[in-house]
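Notes for the one structure printed next.
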Amino acid sequence: MKKMIFTLIVPLTLIGCGSDDTQSNNVSIEPPNKVEATSPLPSSPQSKPEISFDDELLLDIEHFVKLAHAIQYFYPSETSQRSNWPLFIAESIVELSQTPPVERADKGIFLLRQIAPYLARNRDQLPAVNDNMQVSTWLQNAPFSQSVYLRSLLTQSYADLQNRDYTSIARVAELDYFQESIYFPLYLPENLELQGQTFQQLGRWQLSEEFDHAEICMASVSSMWAAINHFWPYFDQVSVDWQSSLPNLLEACTKDDFIEKRAKIYSEFTKLKDNHIMIAMPTSEQYKEDKYIPFLYELVENKAIVVRVEQNQQTGVEIGDEILKINDQDIHEYLEDKADTSLKNDLQRKAVPAFTDVFKASLESIEYQIKKPDGQILRIQVTPKPIEALTTFHGLRYVPRRDEKIEKLSEGFYRLNVYNISINDTSDLFAQLQDAKGVVLDMRNYPTDWHGWQTVLSWFIERTATNDTISFSWQGAPNQTDSKQQQLSQSIQPAENKLNIPVVALSSRYSQSSNEHSLIFARSGGIPILGEPTSGINGNIIEMDLFGGFNRNSAQGVTFIYTNMKANRLNGDALINAGIEPDILVPRTIQSHREQVDNQLTAAIEYLLQQIDK
């Protein structure tokens, strides 16, 4: 969904971080009153050594990257802001591997203090702050500024910053590091004696920035983990032990087999049940899914039904056939095996692997056990083809899609394919609806024009449609211990010349994000929804490119996408992993695919007829 003009409602949840302990008068130990100076960053990288990632080293890396990413996002300095943190972490992992285990905790602090010098085991070593002092702190609702999201390093007096919305409540962050407390400032005074250094290039070890190297993989997956840990807004709605996922992700990077490595990474992020999540990583030619089979199947009434076939294909597979087994494995077991690494929620964990199973990585023949509509069971061998050979597929999609913007139906009804309508179309379309007795709003596909669908809804809503289901989450301290919500409110007013005729909106299980956002407006305005529960995720995504990001032509990095904005149902209940329930439940049916009819459209017309009869 795109950003519009919002009315802001700002509930504050204020959770402090750290403490103001004072020393007892009976304690005679006098801690040093300032932290030690740091050495310059090295500039002569050596050849990378061989590394054995044993369990002890992996645990030490876990401690280090947790602290490193907390400093990355919450230590308020320009050197931290400008540093290349993924590259720094990758090099530091190698450095830790060459450090005796008993010295790794100290080595980690030494490395981090070159960027963030006021990192201390003793809180009293941190610089003092008073109201009139010029200090820097973070104002942030995302790991970096992008699209509607903001991450900004502010410098003002401490008193002024404390009076701003969404800045940190605490002055100091206290974290666990190797089972002892460590501290760093959340408000950093200007012109201090110690200034950090900006890390931009390798200085200790010569590294190749490719994902198949364990240290690059670990820096990448820990960066993805940290973005979720510090900014993802759904931990109160999705039950997941995210802290336990980090060691699993790091361990995945030690696997030589790409399929095993990818599966372990995907399985951890699938636990989040965020249907926006996408992880694009370099894939060797042998694993690229650039082949296809000449038919496509979907889960319909919990059965794998062929819904589309390639023109002139000769496999013997036809629309309406049921797939029972693939290579002698029961189809539901086959899809369940894919579900845990699908990056999809409970609503789509098998449905999406089904319809994407048209793509294959190998040209090896596949045996399908097929049940025909008459009950006949056949075994059919199918050989995938190179994607370059792809021709036209035909057959009614599970979610029908039309090219038209408006279609005249029977009984004086019209169908508006809302997903195709732009603001420039609306005047002409409104004129064509003047003789309409009822309208079906097809909102099953992703809308292409924000103003277009809003204008269309304004013709039919009974009352002001208000959507206050989305919010930013501003983070003032690590681990979301100081998280404040900024609620965003939007509304659509009924058009002055609105159409007082029966109307119904269609939803599908693949209606997602802006699609669901528009359906919430429809429901708020009194328009009934007919179809299926929707995908269950809304809110703007954020895209993170690591080590150059994934690019088919050049960069060998990773691109990570996830939902950084919280979105709920209209009534305030969780939307994630739940979707929008229709008022009238009408799933697609096996029979409708065999007859090539849109049974949801048929049901919508029947509903409109009932409204006219009333």
Verify whether one side chain among [X] and [Y] offers a donor that lies under 3.5 Å from an acceptor in the other.
{"X": "Asn564", "Y": "Tyr562", "value": "yes"}
{"X": "Gln475", "Y": "Ser483", "value": "yes"}
{"X": "Asp357", "Y": "Tyr297", "value": "yes"}
{"X": "Gln485", "Y": "Ser473", "value": "yes"}
{"X": "Gln329", "Y": "Asp337", "value": "yes"}
{"X": "Asn248", "Y": "Ser245", "value": "no"}
{"X": "Thr563", "Y": "Asp274", "value": "yes"}
{"X": "Asn515", "Y": "Asn445", "value": "no"}
{"X": "Asn568", "Y": "Thr469", "value": "no"}
{"X": "Arg151", "Y": "Gln146", "value": "no"}
{"X": "Gln311", "Y": "Thr391", "value": "no"}
{"X": "Ser511", "Y": "Ser508", "value": "yes"}
{"X": "Gln313", "Y": "Thr315", "value": "yes"}
{"X": "Ser471", "Y": "Gln486", "value": "no"}
{"X": "Lys498", "Y": "Asn500", "value": "yes"}
{"X": "His451", "Y": "Gln454", "value": "no"}
{"X": "Ser592", "Y": "Asn599", "value": "yes"}
{"X": "Gln591", "Y": "Glu595", "value": "yes"}

Salt bridge [X]-[Y], side-chain N to carboxylate O under 4.0 Å:
{"X": "Asp346", "Y": "Lys273", "answer": "yes"}
{"X": "Asp598", "Y": "Arg397", "answer": "no"}
{"X": "Glu298", "Y": "Arg308", "answer": "no"}
{"X": "Glu310", "Y": "Lys385", "answer": "yes"}
{"X": "Arg523", "Y": "Asp583", "answer": "yes"}
{"X": "Asp442", "Y": "Arg415", "answer": "yes"}
{"X": "Glu407", "Y": "Arg402", "answer": "yes"}

Next item on the list: For the pair Phe269 and Trp242, evaluate ring-ring contact (aromatic ring centres under 6.0 Å, His included) and give the outcome as yes or no after the intermediate values.
Entry: CA-CA 9 Å; Phe269 285 94; Trp242 193 237; 5.3 Å; yes
Approximate separation, where rounding is to 0.5 Å, of [X] [atom1] and [Y] [atom2]:
{"X": "Arg588", "Y": "Glu532", "atom1": "CZ", "atom2": "CD", "value": "8.0 Å"}
{"X": "Ile279", "Y": "Thr559", "atom1": "CD1", "atom2": "OG1", "value": "11.0 Å"}
{"X": "Asn424", "Y": "Asp449", "atom1": "CG", "atom2": "CG", "value": "7.5 Å"}
{"X": "Ile520", "Y": "Thr534", "atom1": "CD1", "atom2": "OG1", "value": "8.0 Å"}
{"X": "Leu530", "Y": "Gln600", "atom1": "CG", "atom2": "CD", "value": "7.0 Å"}
{"X": "Met565", "Y": "His276", "atom1": "CE", "atom2": "NE2", "value": "11.0 Å"}

Note to self: With a 6.0 Å cut-off (strictly less than), is the heavy-atom count around CZ of Phe359, excluding the residue itself, greater than 12?
What the structure shows: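 Atom CZ in Phe359 is not crowded, with 12 or fewer foreign heavy atoms closer than 6.0 Å.
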Note to self: Tell me if the NZ atom of Lys271 is crowded by more than 12 foreign heavy atoms within 6.0 Å.
What the structure shows: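 Buried by this count: over 12 neighbours within 6.0 Å.
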With a 6.0 Å cut-off on the ring centroids, do [X] and [Y] count as close?
{"X": "Tyr368", "Y": "Phe295", "value": "yes"}
{"X": "Trp453", "Y": "Tyr419", "value": "no"}
{"X": "Tyr149", "Y": "Phe144", "value": "no"}
{"X": "Tyr510", "Y": "Tyr446", "value": "no"}

Hey, are the side chains of [X] and [Y] touching, using non-hydrogen atoms and a 4.5 Å cut-off?
{"X": "Pro587", "Y": "Glu301", "value": "no"}
{"X": "Met544", "Y": "Pro143", "value": "yes"}
{"X": "Ile527", "Y": "Val504", "value": "no"}
{"X": "Ile277", "Y": "Ile561", "value": "no"}
{"X": "Asp236", "Y": "Lys566", "value": "yes"}
{"X": "Gln140", "Y": "Ser152", "value": "no"}
{"X": "Leu324", "Y": "Lys371", "value": "yes"}
{"X": "His69", "Y": "Ser223", "value": "yes"}

Margin query: Between Leu601 and Leu409, is the side-chain contact (heavy atoms from CB on, under 4.5 Å) condition met? List the steps.
Written below: CA-CA 10 Å; Leu601 179 62; Leu409 308 173; 4.1 Å; yes
Note to self: Show, in sequence, the C-alpha distance, side-chain angles and deciding distance for Arg594 and Asp321, and conclude whether the salt bridge (charged side-chain N to carboxylate O under 4.0 Å, His left out) test is met.
What the structure shows: CA-CA 8 Å; Arg594 288 175 176 168; Asp321 288 351; over 6 Å; no
Note to self: Just to verify, which of Leu441, Thr448, Val440 counts as forming a side chain to side chain contact (heavy atoms under 4.5 Å, CB included) with Val418?
What the structure shows: Leu441
Please check this pair: side chain of [X] against backbone of [Y], looking for a donor-acceptor N/O pair closer than 3.5 Å.
{"X": "Thr270", "Y": "Leu343", "value": "yes"}
{"X": "Gln480", "Y": "Asn229", "value": "yes"}
{"X": "Ser524", "Y": "Phe521", "value": "no"}
{"X": "Tyr414", "Y": "Lys437", "value": "no"}

Note to self: Please evaluate residues Ile228 and Trp225 with respect to the criterion side-chain contact (heavy atoms from CB on, under 4.5 Å), reporting the C-alpha separation (whole Å), side-chain torsions for both, the decisive distance (0.1 Å), and the verdict.
What the structure shows: CA-CA 5 Å; Ile228 295 293; Trp225 177 89; 6.0 Å; no
Next item on the list: I would like to know whether Glu581 and Arg569 meet side-chain contact (heavy atoms from CB on, under 4.5 Å); could you show each step before the answer?
Entry: CA-CA 9 Å; Glu581 293 283 350; Arg569 287 177 167 180; 3.5 Å; yes
Margin query: Can you tell me how the ring of Phe231 sits relative to the ring of Tyr73, calling it parallel under 30°, perpendicular over 60° and tilted otherwise?
Written below: perpendicular
Item checked: Verdict with reasoning, Asn467 to Leu570, per side-chain contact (heavy atoms from CB on, under 4.5 Å) -> CA-CA 7 Å; Asn467 188 336; Leu570 183 63; 5.7 Å; no
